[in-house]
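Everything on this sheet refers to the single structure shown next.
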Amino acid sequence: MFENVARFPGSTLIYFGAMVLSSAFALLAQLFPRVGVIQQGQRLRRAYMPNRFWLTMAFAVMVALAGARGLCGTDTASYRLIFADLLKGPNEPLSQRMLEGGEYGFVLINYVAIALSRGCNFVFVLSMILFGYFFMIGLDEYHETMSVALAVLGLYCVLFFPTLNVMRQMIAVAIAFFGMRFIYERKFAHFLLFVLLARMFHSSALVCLPIYFVIGNDKLRPVLRYGMYLGIAAMCVSISLLTTLLGAVFADSSYANYIGMASGPMLKLTTPLLRLPFLLPVLLFRKRLIAHDRRNEMWIVLAITEFLFAQLGSFEPTFARIAFYFRPSWLILLPQLTRAMPTKATQRAMGTYTALNFLLYWYMNSIMKNFGGVLPYDTFFAG
């Protein structure tokens, strides 16, 4: 369980230190808010919003960590090859593949990096700035109903580390997350615009489009609600438990390959075990969450959707990639649940519970499993 900590103590310390620093800046943004004026109906009122300087500093830590990396992250070498091809010209094979795939946004980032620095690490810096910007303004929308510091901690633990691997898709996830506010507001043109913008970084962003029609349809609401609860039960019982039992029986035989258990009987249980601590309190206090902020009804549906796609991703990796688009629901629901609790004591308890779950997810995924090859962390200075 602590093998990678022993193997890569320096890298673990860097990641943990960056997490503490980023969260501390986010906490300062919350403790020393800026005073602004917002419109509520026909009236203007004073509001206390997160201090943008400290919030920017929280994201700057992530930008620095991503921008200084050398080869950590399984896809980093591919991004360096793409940059090298674009540096030669648009007719190189990788350049052509990117352009033919319609991922013009990422191509543009590379050309900006070429114009400003001619260094591939500037691509990482620009990518993380885009990722952070859309999440920062997206989370700021909920500043009155959530703990921003917890949301930033969740962002670092849950979504930052995939940016060291599937960087293009994570930019698309950030843009799609910002655009999801228009689902609740029923502004399809606005939502479509941001989905298409996300599509310019990764083609998988188009999977977000059906959400607008499913969530906004009142006739489908009961079917959707009970269908998803049934789906959770089916996933937990028939897939996780069954494959675990079968894996225990056939782990040492050739049949293990047919049930996906060649890597061990606990493999398929990891996904639900990491998510249920997040999902269970959300479902348990769903009425309180919806009363706290009506928009949470949409985010609860997206959290359940993430669970289902992530579990399917244990068998087909494509589904795991789709699940990324719904994972920001954790950053909205859990920090809001902390504020939605009735007393200061229960708020502190829920905040502690949420923070510990974010930390556990980070440790299990990024340190223990080394998902995405983020260990060891090396810098381009070393190269």
Side-chain angles (χ1 to χ4, degrees), residues 138-139 141-151 153-155 157-159 176-177 180-186 208 210-237 239-240 271-312 322-358 360-361:
L139 292 174
E141 180 78 8
Y142 295 85
H143 70 271
E144 291 191 291
T145 57
M146 71 167 9
S147 167
V148 175
L150 270 180
L153 173 65
L155 179 68
C157 293
V158 173
L159 291 177
F177 163 70
M180 283 178 184
R181 67 173 64 190
F182 301 114
I183 296 177
Y184 181 81
E185 296 173 8
R186 308 312 298 161
C208 296
I211 302 170
Y212 184 92
F213 303 101
V214 173
I215 290 182
N217 192 321
D218 291 336
K219 294 180 180 179
L220 289 177
R221 185 173 296 175
V223 177
L224 184 66
R225 183 189 305 124
Y226 294 113
M228 285 191 164
Y229 292 156
L230 184 62
I232 288 177
M235 288 292 181
C236 290
V237 177
I239 294 179
S240 298
T271 297
L273 285 178
L274 282 177
R275 282 161 175 77
L276 285 177
F278 293 110
L279 197 58
L280 287 177
V282 166
L283 296 179
L284 183 63
F285 296 107
R286 64 188 183 279
K287 291 183 179 179
R288 186 182 296 277
L289 272 168
I290 294 169
H292 185 66
D293 189 331
R294 293 293 303 175
R295 294 172 292 186
N296 286 334
E297 186 174 10
M298 175 188 78
W299 290 111
I300 290 171
V301 171
L302 296 182
I304 296 171
T305 305
E306 193 279 339
F307 180 92
L308 298 178
F309 274 106
Q311 185 61 39
L312 288 171
I322 292 173
F324 275 125
Y325 290 99
F326 312 116
R327 202 159 298 163
S329 57
W330 299 5
L331 313 182
I332 300 296
L333 293 170
L334 292 161
Q336 285 206 76
L337 186 54
T338 300
R339 291 279 184 89
M341 300 308 285
T343 66
K344 290 291 184 182
T346 53
Q347 286 178 5
R348 285 192 293 268
M350 183 55 68
T352 302
Y353 173 85
T354 298
L356 289 175
N357 272 295
F358 281 144
L360 178 64
Y361 183 90

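In what follows, every heavy atom counts, from backbone to side chain, and hydrogens, waters and symmetry copies are set aside. Along the sequence shown, residues are numbered consecutively beginning with 1.
Interatomic distance, Leu284 CG to Leu289 CG, rounded to the nearest 0.5 Å: 10.0 Å. Note that CD1 of Ile322 and OG1 of Thr305 are 11.5 Å apart. Values are rounded to the nearest 0.5 Å. The structure places CG of Asn357 at 11.0 Å from CG of Leu153, a figure rounded to the nearest 0.5 Å. Taking CG from Leu312 and CZ from Phe307, the interatomic distance works out to 10.0 Å, rounded to the nearest 0.5 Å. To the nearest 0.5 Å, atoms CG (Leu333) and CE (Met298) are separated by 9.0 Å. Taking CZ of Arg275 as the start and CG of Leu308 as the end, the distance is 11.0 Å to the nearest 0.5 Å.
In terms of heavy atoms, Thr145 sits closest to Arg339 at O-CB, 3.5 Å. The heavy-atom pair separating Ser329 from Ala303 by the smallest distance is OG-CA, 3.3 Å. The two atoms that bring Ala340 and Arg288 nearest to each other are O-CD, 3.2 Å, heavy atoms only. Nearest approach of Phe285 to Met350, heavy atoms of both residues: CE1-CE, 4.1 Å. In terms of heavy atoms, Leu302 sits closest to Met180 at CD1-SD, 3.8 Å. Of all the heavy atoms in Thr338 and Leu150, the pair that sits closest is OG1-CD1, 3.4 Å.
Side-chain atoms of Ile211 and Phe326, non-hydrogen and from C-beta on, do get closer than 4.5 Å to each other. Side-chain contact between Ile332 and Leu139 is present, with at least one heavy-atom pair separated by less than 4.5 Å. A heavy-atom distance below 4.5 Å is not found between the side chains of Leu334 and Tyr353.
Glu141 meets the salt bridge (Lys or Arg N to Asp or Glu O under 4.0 Å) test with Arg181, Arg295; sequence neighbours excluded. Take Phe182 and apply the ring pair (Phe, Tyr, Trp, His ring centres under 6.0 Å) test, not counting sequence neighbours, and it matches His190, Phe194.
Judged by distance alone, the side chain of Glu306 and the main-chain N or O of Arg327 form no donor-acceptor pair under 3.5 Å. Arg186 contributes a side-chain N or O that, together with a main-chain N or O of Tyr212, makes up a donor-acceptor pair within less than 3.5 Å.
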Quick one, Tyr325 with Phe309, criterion side chain to side chain contact (heavy atoms under 4.5 Å, CB included). Give me CA distance, side-chain angles, the key distance, then yes/no.
CA-CA 10 Å; Tyr325 290 99; Phe309 274 106; over 6 Å; no

When you look at Val282 and Trp330, which way does the side chain to side chain contact (heavy atoms under 4.5 Å, CB included) test go after all the steps?
CA-CA 9 Å; Val282 166; Trp330 299 5; over 6 Å; no

